[in-house]
Amino acid sequence: MSLRTRSYTAFALLAFAVGLTACTQFPELDAAQTPGVETAPFPKLLPLDDLLGGPMPEVSAETITYVEGRVGALQARADRLRRAQVAQGPVDSRIARLRQKAADLRTQ
């Protein structure tokens, strides 16, 4: 197949895909709004300095305990994965068979 034929084929497929999307019926997005959204006031915009300079958020002891437990569990899992032995036997034997097969094919 020549380059020109491939280009025409690619263009035809692209035009077909674009044509299919033009026939799509889109849902009514206005009907999906929650009642009262149109009359709701906009949220108050605050300067970034006021947000960053405010008091630090408090963290409960339960949250700290949960996060520390999760960190410990993830570190233990990482240690188990580091110690895991990957079985090299089947992989090594397959590589040896493939090399032998390649050598046999070269001699033919």
Side-chain angles (χ1 to χ4, degrees):
M1 193 184 286
S2 71
L3 181 61
R4 177 173 275 181
T5 306
R6 282 190 217 159
S7 297
Y8 287 138
T9 304
F11 179 74
L13 288 174
L14 180 65
F16 180 71
V18 170
L20 283 179
T21 59
C23 298
T24 302
Q25 186 156 10
F26 291 99
E28 293 282 336
L29 296 179
D30 294 336
Q33 288 183 353
T34 305
V37 169
E38 293 175 352
T39 58
F42 282 100
K44 185 177 178 185
L45 299 178
L46 299 173
L48 186 60
D49 292 334
D50 291 351
L51 294 174
L52 294 176
M56 292 297 291
E58 296 290 323
V59 179
S60 69
E62 294 171 349
T63 303
I64 292 172
T65 303
Y66 171 77
V67 170
E68 288 175 346
R70 182 86 172 118
V71 166
L74 288 172
Q75 286 176 338
R77 183 177 177 199
D79 290 339
R80 283 193 309 272
L81 289 172
R82 281 189 204 104
R83 289 191 305 261
Q85 296 293 322
V86 178
Q88 289 295 321
V91 174
D92 291 339
S93 63
R94 179 151 189 218
I95 290 173
R97 282 194 321 261
L98 289 173
R99 285 187 177 151
Q100 182 60 45
K101 189 173 183 179
D104 292 345
L105 289 172
R106 281 190 209 108
T107 58
Q108 290 180 356

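- Between the side chains of D104 and Q100, at least one donor-acceptor pair of N or O atoms lies under 3.5 Å.
- Here the straight-line distance linking atom CZ of R77 with atom CG of D79 works out to 12.5 Å at 0.5 Å rounding.
- Between atom CG of residue L105 and atom CG of residue L98 there is a gap of 10.5 Å, rounded to the nearest 0.5 Å.
- L14 and Y8 fall into different hydrophobic clusters, where Ile, Leu, Val, Met, Phe, Trp and Tyr are joined by side-chain heavy atoms under 4.5 Å apart, directly or via other members.
- T65 OG1 to R70 CZ: the interatomic distance, rounded to the nearest 0.5 Å, is 15.5 Å.
- Separation of atoms CG (L74) and CG (L81) is listed at 10.5 Å; rounding is to 0.5 Å.
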